Protein chains: 2
Amino acid sequence: MKTADPELMRAINRFLVLDTIRRHGPIARVEIGARTELSATTVSAITAALLDDGLITVRHEGDIRSQSLRGRPRVMLALHPEAAWVVGVRLAGDRIVCVATNFQGDVLAGLTLPARITALATPDIADLVADGVRRCVGDAGLGLEQIKAVALSLPGIVEHGSGQVLASSVLGDLDAPLHEAITARLGIDTIIESDANAITMAQHWFGQARRHDDFVLVAIEEGLGLGVMHNGQLFRGAHGLSLTLGDMVMGPGGDTAMRLGDLAGQGTLLADPRLHEQGMAQVHALLEAGDDELRAVVARAGTALGIAIANLVALFAPPRVILVGSTLALGEHLLAPLRESFAAAIPAPLATLAEIVIDDAGDQLWARGAAAVALGELYGSPWGTTGPARHGQ
Amino acid sequence: MKTADPELMRAINRFLVLDTIRRHGPIARVEIGARTELSATTVSAITAALLDDGLITVRHEGDIRSQSLRGRPRVMLALHPEAAWVVGVRLAGDRIVCVATNFQGDVLAGLTLPARITALATPDIADLVADGVRRCVGDAGLGLEQIKAVALSLPGIVEHGSGQVLASSVLGDLDAPLHEAITARLGIDTIIESDANAITMAQHWFGQARRHDDFVLVAIEEGLGLGVMHNGQLFRGAHGLSLTLGDMVMGPGGDTAMRLGDLAGQGTLLADPRLHEQGMAQVHALLEAGDDELRAVVARAGTALGIAIANLVALFAPPRVILVGSTLALGEHLLAPLRESFAAAIPAPLATLAEIVIDDAGDQLWARGAAAVALGELYGSPWGTTGPARHGQ
DNA sequence: CCGATTTAAATCGGGATGCAAAATAACTCC
DNA sequence: GGAGTTATTTTGCATCCCGATTTAAATCGG
């Protein structure tokens with residue numbers, strides 16, 4: 001635990017107010033006070049500082065007025081969309097997706113660069129990313145110098161803080177300093193984050209979990225990602241490590257043991273020679289056509305996933321589990337066995353606890369999630385004048 | 001996140017100081033300052049309040065003096081052992097273990113009551129517990145009114161805060177209000193906690209994890225317990241639920257799927273008719289005698305555990321995993337396959353991360369862990385005079 | 001034996017924070 | 001236009017932490 005001092009106190013409350021404004025659209029000071037349980041005085045002081053720093057503005061849309069129309073009207077406050085801009089990047093196996101967003105996470109420009117990332121060396125990847133970011137920023141009508149942060153998300157295990165990638169299906173050379181390479185090329189603060197954490201943030205900010213401060217997300221893509229939102233914060237492992245599900249071993253041991261990633265990853269589902277370079281759409285077509293062999297493979301994947309999810313629920317007891325990822329395009333072929341094995345595996349007292357939600361998140365939401373990660377850090381970081389209040393003004 | 005105010009600030013720092021004193025024996029104010037990074041002024045103020053409240057005392061044992069012998073000598077501060085007393089209780093399938101401890105967790109009296117808990121109704125259990133607590137308190141030369149809190153630990157899933165038991169192998173009727181029953185009988189603040197969390201606290205305070213603020217503990221007893229220490233705090237699920245491992249399902253699904261609890265719980269290991277009522281010692285004897293069938297069962301349990309532990313490491317990335325529980329008496333018969341399957345299942349980048357430690361914790365340490373849970377709450381709670389500093393004194 | 005030196009702890013003064021109460025602002029209603 | 005109502009700001013106070021200074025309690029050295 002960190003030691004507490006007045007500065008930390010202010011930082012906490014400031015963040016609380018800013019986050020309340022973000023979540024609850026244009027909102028009046030009184031209501032911020034009611035929601036955060038801060039006194040009106042404190043809310044006034046903090047909002048004054050935020051206005052001063054240009055992070056929020058007065059905006060009267062959505063001014064619903066308290067029930068009765070009497071009394072002094074509320075002044076509605078909202079994030080100042082142009083307080084800062086960030087870029088979120090998603091690094092997937094075969095493409096790079098960039099989005100530029102404003103301070104509230106609205107997408108101003110999006111861009112997809114097809115590229116066989118897996119085959120590239122780290123410096124080349126950094127070049128592509130930097131290129132994508134530049135173009136995206138240009139498309140948004142901005143200049144690079146206006147971008148306050150870039151967040152790059154990729155599948156695998158990432159150490160938060162250092163930005164070191166410990167494992168990833170898309171990076172060949174884990175020792176090459178990706179973080180430094182990108183920072184050097186763009187000259188912008190860069191955050192490396194696991195893609196599962198990015199899409200988890202996206203669901204929390206923009207998606208199916210806006211009202212949930214506790215949930216678990218399972219991303220079923222090429223690999224299997226895991227994000228845990230705990231008490232409104234991304235849960236990270238001991239060293240700030242992101243979590244992953246692909247390395248979970250299924251099976252009682254011995255010969256039958258298999259990595260979940262090998263059971264339910266797309267590498268397996270696309271292993272059939274007919275499917276090379278075809279992707280999920282083709283798999284789905286074959287399934288619909290009644291390909292029994294493929295159906296069995298998909299069913300096995302669904303079953304394993306159901307069990308893995310039940311295990312997660314048993315561990316974290318989340319009220320909601322969100323499933324995302326391109327593999328979900330297989331629809332009921334995957335989901336039916338998933339649900340069935342989940343139901344069989346979940347212990348009775350927890351059976352009604354967790355609600356499973358499927359979300360067909362598009363590419364752009366993943367990148368937007370990365371942007372949200374960047375914005376989240378901006379919200380928390382000491383801005384212009386976090387410090388002393390300026391009396392002489 | 002809770003809103004920050006001066007009171008919270010002080011509570012945090014106060015707890016920090018108290019915890020530092022607890023961990024680092026008799027310690028001087030300067031050193032507390034160095035360790036916590038609080039200013040000498042603040043440390044002085046807080047320790048003055050703590051002395052005033054009688055939670056700490058001046059004690060000169062262990063006064064090592066800074067290297068040079070010059071200058072004003074340090075005043076060593078330590079927990080005041082008689083600031084409060086608590087009782088920790090462990091409810092196991094066939095016995096109740098109680099310990100009374102002083103404010104620093106030293107055991108003053110211990111007591112084991114054999115009893116087939118499983119066969120009893122909740123009110124009878126509460127009677128036994130209350131009886132055990134009373135006798136234990138008497139043995140320690142104390143009166144019930146001196147006991148500030150009682151913590152009761154039991155296997156299963158417990159909701160922290162409400163004290164509701166959601167699942168337990170030792171309680172027949174989960175709807176009967178155990179917490180209220182015990183509070184009513186003793187008239188003392190009572191905390192219900194999972195036994196896994198209790199032994200996790202015990203390891204953190206007194207055992208193999210005194211220097212570790214991040215670790216995972218697996219308790220292999222009748223059931224399979226799990227405790228996660230994250231950043232110096234017990235990690236709890238979404239509703240403050242304790243975690244459990246017994247419900248983890250091993251296997252890719254279908255017919256081969258099995259609960260880990262059914263694979264590695266003692267119910268399974270003792271299933272052989274020859275072993276009824278004999279316990280682990282007899283199992284061990286048979287294993288040593290070369291009973292192949294039994295060996296296979298134990299090996300299968302070890303293998304499954306190894307995989308489960310690997311999965312936990314993949315999830316939480318803890319630097320240390322501690323194994324405890326009576327089943328460990330099986331020794332290498334269990335541990336060799338466990339280690340083997342762990343090594344096979346752990347992903348390469350994490351292979352060197354976690355160190356597995358076996359601890360042969362006795363019954364009393366489990367109960368002492370419950371006491372530590374109670375003490376932990378006392379340390380954090382507002383004591384006598386948490387509030388305003390009294391100037392006129 | 002007594003002053004210089006050294007280290008620890010307490011005290012003083014300043015700056016920041018949050019809160020409650022009072023004051024002010026900006027409306028609606030009559 | 002005045003009364004009533006609700007939102008926001010101002011005022012005054014109590015608390016907290018911190019840096020600098022002062023006091024305390026030893027040792028060292030002559």
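As the structure is a prediction and not an experimental result, all values here were calculated from the model. Each chain gets a letter, A, B and so on, in the order its sequence line appears, and its residues count up from 1.
Contact annotation: B:N13 side-chain N/O to D:dC16 OP1/OP2 distance is not under 4.0 Å. The side chain of B:R10 places an N or O atom within less than 4.0 Å of a non-bridging phosphate oxygen (OP1 or OP2) of D:dC16. Between A:R74 and D:dT6 there is no side-chain N or O to OP1 or OP2 distance below 4.0 Å. Between C:dC19 and A:T42, a contact under 4.0 Å exists linking OP1 or OP2 to a side-chain N or O.
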What pairs of donor and acceptor atoms, side-chain ones from residues 21-31 of chain A against any protein atom, are under 3.5 angstrom apart with sequence neighbours left out?
residue	atom	partner	partner atom	Å
A:R22	NE	A:D19	OD1	3.2
A:R22	NH2	A:D19	OD1	3.2
A:R23	NH2	A:D213	OD1	3.1
A:R29	NE	A:T47	OG1	3.2
A:E31	OE2	A:R35	NE	3.3
A:E31	OE2	A:R35	NH2	3.2

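We find that CE of B:M76 is positioned 14 Å from C1' of C:dT7, with the value rounded to whole Å.
For A:P73, counting side-chain heavy atoms from C-beta on, the closest listed nucleotide (C:dG18, D:dC17, C:dA26) is C:dA26.
Each of B:M9 and A:A28 lies near DNA chain D, and the nucleotide nearest A:A28 is the one positioned closer to the 5' end.
Look at C:dA4: its Watson-Crick or wobble partner, with both distances under 3.5 angstrom, is D:dT27.
For B:F235 and A:F235, the distance between ring centers is under 6.0 angstrom.
Comment: B:E7 does not engage B:R14 in a salt bridge, judged by the lack of any side-chain N to carboxylate O separation of less than 4.0 angstrom.
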Distances under 3.5 Å only, N/O to N/O: pair up the protein atoms with those of nucleotides 10-12 of chain C.
residue	atom	partner	partner atom	Å
C:dA10	OP2	B:R29	NE	3.2
C:dA10	OP2	B:S44	OG	2.4
C:dT11	O4	B:T41	OG1	3.4

